[in-house]
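Chain A is the first sequence line, chain B the second, and so forth, proteins listed ahead of strands; every chain is numbered from 1. Keep in mind that what you see is a predicted model, and the values were worked out from it rather than measured.
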Amino acid sequence: MNIDQAILHEFGGENIRYIRKETIFKEGDHSLYYFQILSGKVKLNTFNENGKEFIQNILGKNQSFGDPLLFIDRLYPTNAVSLETTEVIRMPKNNFLLMLEKHPDISLEMNACLSQRLYYNSLMVRNMASQDPIHRLQGLMDYLKSYYDGDCQQCFPVELTRQQIADLTGLRVETVIRTVKKMVNNNTIKLDGRRIFY
DNA sequence: CCATTAACTGGTC
DNA sequence: GACCAGTTAATGG
């Protein structure tokens, strides 16, 4: 979701800066805001009982988070942590609903956004259920690529570290590293230095 | 530069 | 594949 900044400000959106590794909200907090990223990156994560991190998603410029919780009264299911210096516009939930009333076009777009997220989420879950690490990586990259505009082969840059890919897929870094090499041999992906193109 | 972070390798279970 | 240990390469102040 990407809403015009002027409108966000008009309805009480405020700019907030976070430094690297700062917690924006924690799992279990009451959901009170809509967040839209102006610059930087944010990860949504949880930790399992062994303390192992699982990243649900990594969002960048012009992407939003916290929005699936705007229409229901639930607690955040994940933490949100900035990966680098990040600037967001934060808008209180009630103002957001008010804004939707005044801007039906945004409301419609919101529906489309949530639908698309659900759609790709189901694809993700399907691929993540696979035992084959190649399918897991490919599923993740298909998901990431869905946000991307270009349509050429192997031109989508995966802006993630091997560790982040591991935390997103539930694999170990070493497995990711070895699987990436297999996929290069398969011609599924291409490397430019360490950067992956899919 | 040096220090930190990321990528890689090899071996055990 | 996970998990552990150790090495090398890249990054950034």
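- Atom pair A:R162:CZ and C:dT11:P shows a separation of 12 Å (rounding to whole Å applied).
- For the residue pair A:Y143/A:N57, the side-chain donor-acceptor check at 3.5 Å is satisfied.
- With A:Y198 as the aromatic partner, A:K145 meets the cation-pi criteria of under 6.0 angstrom to the ring centre and within 45 degrees of the ring axis.
- Taking atom CZ on A:R20 and atom P on C:dG12, their separation rounds to 10 Å, with Å as the unit.
- Nucleotide C:dA9 holds its C1' atom 12 Å from the CD1 atom of A:I177, rounded to whole Å.
- Residues A:L171 and A:R194 both approach DNA chain C. Their nearest nucleotides, taken by heavy-atom distance, put A:L171 toward the 5′ side.
- Checking B:dT5, B:dT9, B:dA7 against every side-chain atom of A:E174, the shortest atom distance belongs to B:dT9.
- Going from atom CD1 of A:I196 over to atom C1' of B:dC8 covers 13 Å, rounded to whole Å.
- Here CG of A:D29 is found 12.0 Å from CD1 of A:I24. Values are rounded to the nearest 0.5 Å.
- Put simply, CZ on A:R195 is 14 Å from P on B:dA6, counting in whole angstrom units.
- Contacts of A:D132 with the nucleic acid, taken as non-hydrogen atoms under 4.0 Å apart, involve only primed sugar atoms and P, OP1 or OP2.
- In this structure, A:K43 pairs ionically with A:E53, as a charged nitrogen and a carboxylate oxygen lie closer than 4.0 Å.
- In this structure, CD of A:Q164 is placed 10 Å from C1' of B:dA6, rounded to the nearest angstrom.
- Note on A:K52: every side-chain N or O is 4.0 Å or more away from OP1 and OP2 of C:dA2.
- Going from atom CG of A:D192 over to atom P of B:dA7 covers 14 Å, rounded to whole Å.
- Side-chain contact check for A:H30 and A:D73: no donor-acceptor pair (N or O, by modelled atom type) lies under 3.5 Å.
- OP1 or OP2 of C:dC3 sits under 4.0 Å from a side-chain N or O of A:R172.
- A:Q163 comes within contact range of the sugar-phosphate backbone alone, with a heavy-atom separation under 4.0 Å but no base atom that close.
- Taking only side-chain nitrogens and oxygens, A:T161 never comes nearer than 4.0 Å to OP1 or OP2 of B:dT5.
- We find that CD1 of A:I165 is positioned 19 Å from P of B:dT5, with the value rounded to whole Å.
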